[in-house]
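First up is the structure itself, then whatever we jot down about it.
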Amino acid sequence: MLEKPKKLTKDEIYARCREDIDAAEEIQETESLENAKAYEYYRAKTMGNEVVGRSQIVSSDVFETVEWLLPALMDIFSPENGTPEFTPVGPEDEYAAESMSELVRYQFWRQNDGETLLRQAIKDCLLYKPGGILKYGWEKAVKQESKSFEGLSVEELSYMANQPTVSITGVTETGFGYNVDAVRTLIEFDGPKFHIIPPHEFLRHPNAKTIDDAQFVSHRKRCTADYLRRLGKTGYYENVEKAIEQNQGGSERSADLTEETIYSTDNLSRDEEPSGDPARRELLLYECYIQLDTDGDGILEGRIITLVGSVIIRNVENPYGRPPFVVLRPIEDTHKFSGVTLAEMVLDLQRLRTFLLRQMVDNMAQSNNSRKVYDPTKLNQADLLMNIPGAPIRVKAGVSPRDAIQELPVVPLNPVTFTVLEYATQLGEQRTGVTKSAKGVGDQYNETATGQLAAINQASQRVRMIAKIIASGLAPLFRGMVLMNKKFLTKDVAIRLSERKFLVVSPDDLEGKMDLSLNVVMGAQSRQQTIINMQQLLAVLGQLQAGGIPVLDANNIPTILKEIVKAMGYKNSDRFLPLMFQQEAEQGNEQMMQMMGGMSGGNGGATMGSIAGTNAGATATVNPTGAGLQNAFIQPGAGGMVQGLPG
């Protein structure tokens, strides 16, 4: 018979959390074995099977795959590509979506150095299971400072007492007014924070397939007694002294295998805190995000329960609606939590290539310094064994060197070795998409420009797919930022959009329905194509304008020019645009109309988008060969320019 739901005691809550922790740690330990091996292969220092006196070269396939793919992915996920972007559901949501887009970009890329965070998370996902892990949350940093004031009037004292950020600690009346001691509370930071979580610090329920359906997720980390006490004073944690006292032995868990491997590869170790200062003593903390029926109503509740040893120091409702983690994976392994890493796709190839390279080096060494057969009674054995280039070998008088010593013939390296080595290289390119053409080192099988371009396009499809999978992992992060801003943002935020333009976002501006869009574009190649496309569009619109169809105004011209400047890699497009293009469209159109009136006369003035070949020149020319961007030049019939305005 099933047990009826009941309200849980603290001991029962701890027991339920401990059950989930033990089950989750079993999975983590299994993946830790694979992660430790992946890191060893990534560093490519040894393979563990080296033989003294033989070649010990190690192929670096894992390192090359990760480090060549990382720049391509970071070029895709850059603030210049407008990531993320929120689009309105209805026309009434347009301003809210625009404000949210600018606010989230500012908070992620600028306030939190999102480029560094994303680079580390992507690198983790290429190397480790379950992937690159980002943790998010809303944090508020408060600082208190004491100040003394002398000679305050009654009105000034009353005003100070009514300030919510000021706490008066002492008042002394004098003949010249009041002397006041006060503590002022300053908010140093109030916004979203993001942290990279090493894979060995992340625990999840054994049956979880995604973060959203996980019944249990935990962040396991070391912390100091000082850290616990500081947060205990703010009321964030409770029972801190009890937790410290009951865990006098420090963290009861030894270093994780992956963590040990990371340190031992450089002959280091991750030891317990060596200082004898009790405040620096380390303890093991589990921050658990768990679905648990604590009140006995038979319905699971999302709770955040923090444990140090067997002591619960925090038990609150989860305000984020889900565990605040996102996991980035490069390749999906459907219906499973962990993805497929790029490292595990080339581990066997690194072993194979290492074996072949060592065979080649050993054969070369034997060819240059072959083994010898000699008669120790006919020569000086010490001279022979010294084996210094150019050193003499003494033989006895009357003995021919041919009779005293002979070189053993060396079997030449089998040509199939080079074929297998090249095949292993091609196999790695097929698995990962990191090709010779993409690296810019040349490809003997695609020596023509067309062949090289085709190879690059094929490789870019694989990279783009990896980027799309990573983008799907980032989506919950940016949606979580929307929820946090709507829930926790309490004051206006000023965002600098350009040198002359600021956007002030207030909490009320964010109320609206919006969809998330993550742009996955292929870096420099895509930006180059964007420039070509914008030039073609500008030329076509210019020709229509010259034909009497008013299609160019102060709205679409700056939009096109901004896209060109942004694709060139400049963050602030306003630096390159005239002031009238940075004003409201209606004001810009009025100025354009005034210019049009002032410039008319004679032959009617130069027309906007005048067709090349009429001596008007052409600056926004289209490269008709499609071979790439060239410097601006006059090319008859290729397009027009924004030089004058129709009269």
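Throughout, numbering of the chain's residues begins at 1 and tracks the sequence.
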Inset, instruction - Check Lys221, His219, Arg222 against Glu201 for a side chain to side chain donor-acceptor pair (under 3.5 Å) and give me the one that passes. - result: His219
Inset, instruction - Indicate yes or no: at least one non-hydrogen side-chain atom of Leu328 is less than 4.5 angstrom from one of Leu118. - result: yes
Inset, instruction - Please find out if less than 6.0 Å separates the ring center of Tyr289 from that of Phe325. - result: yes
Inset, instruction - Check Leu283 against Ala243 and note the closest heavy-atom contact, atom names and distance. - result: CD2-O, 4.1 Å
Inset, instruction - Report the C-alpha separation of Glu301 and Glu317 in whole Å, then their side-chain angles, then the decisive distance to 0.1 Å, and conclude whether the side chain to side chain contact (heavy atoms under 4.5 Å, CB included) test is met. - result: CA-CA 8 Å; Glu301 306 136 24; Glu317 181 183 356; over 6 Å; no
Legend entry - Check: Thr30 side chain, Glu26 main-chain N or O, donor-acceptor pair, under 3.5 Å: yes
Inset, instruction - Would you check if Val240 and Arg229 make a side-chain contact, meaning some heavy-atom pair closer than 4.5 Å? - result: yes
Inset, instruction - Answer yes or no: is there a donor N or O on one side and an acceptor on the other, between the side chain of Asn239 and the main chain of Ile312, under 3.5 Å? - result: yes
Inset, instruction - Begin with the C-alpha distance, continue with both residues' side-chain angles, and end with the deciding distance and a verdict on side chain to side chain contact (heavy atoms under 4.5 Å, CB included) for Gln111 and Phe189. - result: CA-CA 10 Å; Gln111 271 194 334; Phe189 182 84; 4.1 Å; yes
Inset, instruction - Please check if atom NZ in Lys209 has more than 12 non-hydrogen atoms from other residues, nucleotides or ligands closer than 6.0 Å. - result: no
Legend entry - Salt bridge present between Asp20 and Arg16 (N-O < 4.0 angstrom): no
Inset, instruction - Would you check if Glu50 and Val58 make a side-chain contact, meaning some heavy-atom pair closer than 4.5 Å? - result: yes
Legend entry - Salt bridge flag under 4.0 Å for residues Asp266 and Lys45: yes
Legend entry - Single hit among Glu259, Glu25, Glu29 for salt bridge (Lys or Arg N to Asp or Glu O under 4.0 Å) with Arg220: Glu25
Legend entry - Note, Tyr136 side chain near Asn112 side chain (heavy atom, < 4.5 Å): no
Inset, instruction - Using a 4.5 Å cut-off on heavy atoms from C-beta on, say whether the side chain of Thr354 contacts that of Asn49. - result: no
Inset, instruction - Keeping the roles fixed (side chain from Arg43, backbone from Ile262), state whether a donor-acceptor pair exists under 3.5 Å. - result: no
Legend entry - Atom pair CG (Asp508) and OG (Ser99), whose distance is rounded to the nearest 0.5 Å: 11.0 Å
Legend entry - side chain to side chain contact (heavy atoms under 4.5 Å, CB included) assessment of Asp293 paired with Asp295: CA-CA 6 Å; Asp293 178 19; Asp295 56 9; 2.9 Å; yes
Inset, instruction - Inspect the contact between Glu34 and Lys37 and indicate whether a charged nitrogen and a carboxylate oxygen are less than 4.0 angstrom apart. - result: no
Legend entry - pair Asp515-Val89: side-chain heavy atoms closer than 4.5 Å: yes
Legend entry - Short N-O contact, Glu67 and Lys123, less than 4.0 angstrom: yes
Legend entry - Close side-chain approach of Tyr236 to Arg314, heavy-atom, < 4.5 Å: yes
Inset, instruction - Could you tell me the separation between the CG atom of Leu231 and the CG atom of Asp226, rounded to the nearest 0.5 Å? - result: 9.5 Å
Inset, instruction - State whether the number of non-hydrogen atoms from other residues, nucleotides or ligands found under 6.0 Å of Glu241 atom CD is greater than 12. - result: yes
Inset, instruction - Answer yes or no: are there more than 12 heavy-atom neighbours, outside Arg230 itself, under 6.0 Å from its atom CZ? - result: no
Legend entry - Residues Asp348 and Arg431 bridged, charged N to O under 4.0 Å: yes
Inset, instruction - Might you point out which heavy atoms bring Gly137 and Tyr320 nearest each other, and give the distance in Å? - result: CA-OH, 3.4 Å
Inset, instruction - Find out whether Pro319 and Phe488 are in side-chain contact, i.e. whether some heavy atom of one side chain is under 4.5 Å from a heavy atom of the other. - result: yes
Legend entry - Ser32 to Thr258 - nearest heavy-atom pair and separation: OG-OG1, 2.9 Å
Inset, instruction - Flag yes if more than 12 heavy atoms outside Lys487 fall under 6.0 Å of its NZ atom; otherwise flag no. - result: yes
Inset, instruction - Please report the C-alpha distance between Arg105 and Glu85 in whole Å, then the side-chain angles of each, then the deciding distance to 0.1 Å, and finally whether the side chain to side chain contact (heavy atoms under 4.5 Å, CB included) criterion is met. - result: CA-CA 8 Å; Arg105 289 173 197 160; Glu85 181 179 2; 3.6 Å; yes
Legend entry - No-hydrogen, no-angle side-chain donor-acceptor test under 3.5 Å, Asp61 and Ser59: yes
Inset, instruction - Please check if any side-chain donor atom of Ser60 sits under 3.5 Å from a side-chain acceptor atom of Glu64, or the reverse. - result: yes
Inset, instruction - Give a yes-or-no answer on whether the side chains of Trp138 and Asn485 include a donor-acceptor pair shorter than 3.5 Å. - result: no
Below 3.5 Å, can you tabulate the donor-acceptor pairs from side chains in residues 472-479 to any protein atom, sequence neighbours excluded?
residue : atom : partner : partner atom : Å
Ser472  : OG   : Ile469  : O            : 2.5

Legend entry - Least distance between heavy atoms, Gln120 atom then Ile196 atom: OE1-CG1, 3.5 Å
Legend entry - Other residues, nucleotides, ligands: >12 heavy atoms within 6.0 Å of Phe355 CZ: no
Inset, instruction - Please check if the side chain of Arg329 supplies one atom and the backbone of Phe337 the other of a donor-acceptor pair under 3.5 Å. - result: yes
Inset, instruction - Carefully, step by step, assess Asp509 and Ser506 under the rule side-chain hydrogen bond (donor to acceptor under 3.5 Å, both in side chains). - result: CA-CA 5 Å; Asp509 295 335; Ser506 68; 3.0 Å; yes
Inset, instruction - Mark yes or no: Arg18 above the aromatic ring of Tyr286, with NZ or CZ under 6.0 Å from the six-membered ring centre and no more than 45 degrees from the axis. - result: yes
Inset, instruction - Please answer whether the main-chain N or O of Tyr39 pairs with a side-chain N or O of Asn35 as donor and acceptor at a distance below 3.5 Å. - result: no
Inset, instruction - Could you tell me which non-hydrogen atom of Pro199 sits nearest to which non-hydrogen atom of Asp124, and how far apart they are? - result: CD-OD2, 4.4 Å
Inset, instruction - Without swapping roles, check the side chain of Ser101 against the backbone of Phe86 for a donor-acceptor pair under 3.5 Å. - result: yes
Inset, instruction - Write down the atom of Asp297, the atom of Ile299, and the distance for their closest heavy-atom approach. - result: OD1-N, 3.0 Å
Inset, instruction - Determine whether the side chains of His195 and Glu139 contain a donor N or O and an acceptor N or O closer than 3.5 Å. - result: yes
Inset, instruction - Taking the six-membered ring of Tyr106 (Phe, Tyr or Trp), confirm whether the NZ or CZ of Arg496 is under 6.0 Å from its centre and within 45° of its axis. - result: no
